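Chain letters run A, B, ... following the sequence lines, proteins first, then strands; residues in each count from 1. Source: prediction; values computed, not measured.
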Amino acid sequence: MGKPDASLLATIPPFRKLDPAQIGEILDFAVSGAIEGGGTIFEEGARAERFYLLLDGHVRVMRVTLGGDQVIVLHIAAGQLFGIAAALGHTEYPATAMAADPCLVLSWPNRHWQDFTTRYDGFATETYRTVGQRIGEMNDRVVEMATQQVEQRVARALLRLIGQTGRKSGSGIEIDFPITRQDIAEMTGTTLHTVSRLLSAWERKGVVASARRRITVTDPHRLVLLGGAEA
DNA sequence: TCATTAAAAGTTT
DNA sequence: AAACTTTTAATGA
């Protein structure tokens with residue numbers, strides 16, 4: 001467990017307003033860790049003892065349905081806190097967090113949460129803002145599931161991914177971590193076969209380009225139209 | 001419209 | 001070679 005660099009934290013929203021001395025205090029309590037791609041950070045139902053900050057990489061948050069199907073709830077990008085429902089009063093993690101690619105995380109015991117929110121200006125407001133955004137996104141998806149056709153759901157899932165974790169490449173915006181058709185199926189409530197067929201069709205139209213575990217959206221505007229309301 | 005099943009081919013380790 | 005990912009097609013709800 002190495003000591004992370006204070007400058008890493010200074011740019012991250014919940015800590016942006018803090019001075020170097022305060023960041024030093026926070027780091028004194030932090031434990032840092034590296035998780036390899038595919039590794040689990042915490043499991044659904046496990047006792048929640050820590051909350052986490054993702055410094056680098058991408059985290060997939062997953063839950064298992066009553067029927068035993070795995071569902072991807074959302075993805076976390078670098079700079080975001082996660083595993084914080086526990087700090088907000090839950091005793092167990094409501095979902096599993098898995099590293100989508102190699103990740104660097106900091107974590108703190110939950111008992112520091114109170115101190116952080118009261119002592120550090122901006123910590124509470126910034127984290128509540130991101131929590132609010134996530135809840136909003138999840139609500140949108142519930143509506144989508146009930147009202148939109150599969151093609152629109154997949155199109156919108158891709159748009160969200162490039163919005164949150166997209167990286168500009170030569171030919172468009174690439175999803176910045178490895179993602180399979182199965183993953184997208186788990187995000188949109190369909191099957192990998194349907195996702196594969198949709199992506200193939202879109203690739204023929206020049207809207208996306210994909211390789212194994214890599215997807216680039218080459219024509220985001222067309223994809224917005226595909227995700228639009230019309231049937 | 002979409003899931004399921006099956007089969008085949010490509011990729012990575 | 002084995003494991004994993006992707007594509008395609010046929011069938012049926």
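Residue contacts for A/Thr180: at a heavy-atom cut-off of 4.0 Å it reaches the sugar-phosphate backbone alone, with no base atom in range. Contact annotation for A/Arg213: backbone-only contact, meaning every heavy-atom pair under 4.0 Å involves sugar-phosphate atoms and none involves a base. Contact annotation for A/Leu199: no contact, since no heavy-atom pair falls under 4.0 Å across all strands.
Protein atom CG of A/Leu198 is 14 Å distant from nucleotide atom P of C/dT6, rounded to whole Å. Computed from coordinates, the A/Arg181 CZ to B/dA3 P distance equals 16 Å when rounded to whole Å. Across the protein-nucleic acid pair, A/Arg214 atom CZ and C/dT6 atom C1' stand 16 Å apart, rounded to whole Å. The CD1-P distance, from A/Ile184 to C/dT5, rounds to 13 Å in whole Å. Distance, A/Arg212 CZ to C/dC4 P: 10 Å, rounded to whole Å.
Ring geometry, A/Phe82 versus A/Tyr52: the interplanar angle falls under 30°, so the pair is classed parallel (tilted spans 30 to 60°).
At a threshold of 4.0 Å, the pair A/Glu126-A/Lys17 does not count as salt-bridged, since none of the basic side-chain nitrogens sits closer than that to a carboxylate oxygen. Ion pairing between A/Asp140 and A/Arg160 fails under the 4.0 Å rule for side-chain N and carboxylate O. Under a 4.0 Å N-O distance rule, the pair A/Glu151/A/Arg197 does not qualify as a salt bridge.
Here A/Gln182 does not reach the OP1 or OP2 of C/dT5: none of its side-chain N or O atoms lies under 4.0 Å away. For C/dT7, the OP1/OP2 oxygens have a side-chain nitrogen or oxygen of A/Ser196 closer than 4.0 Å.
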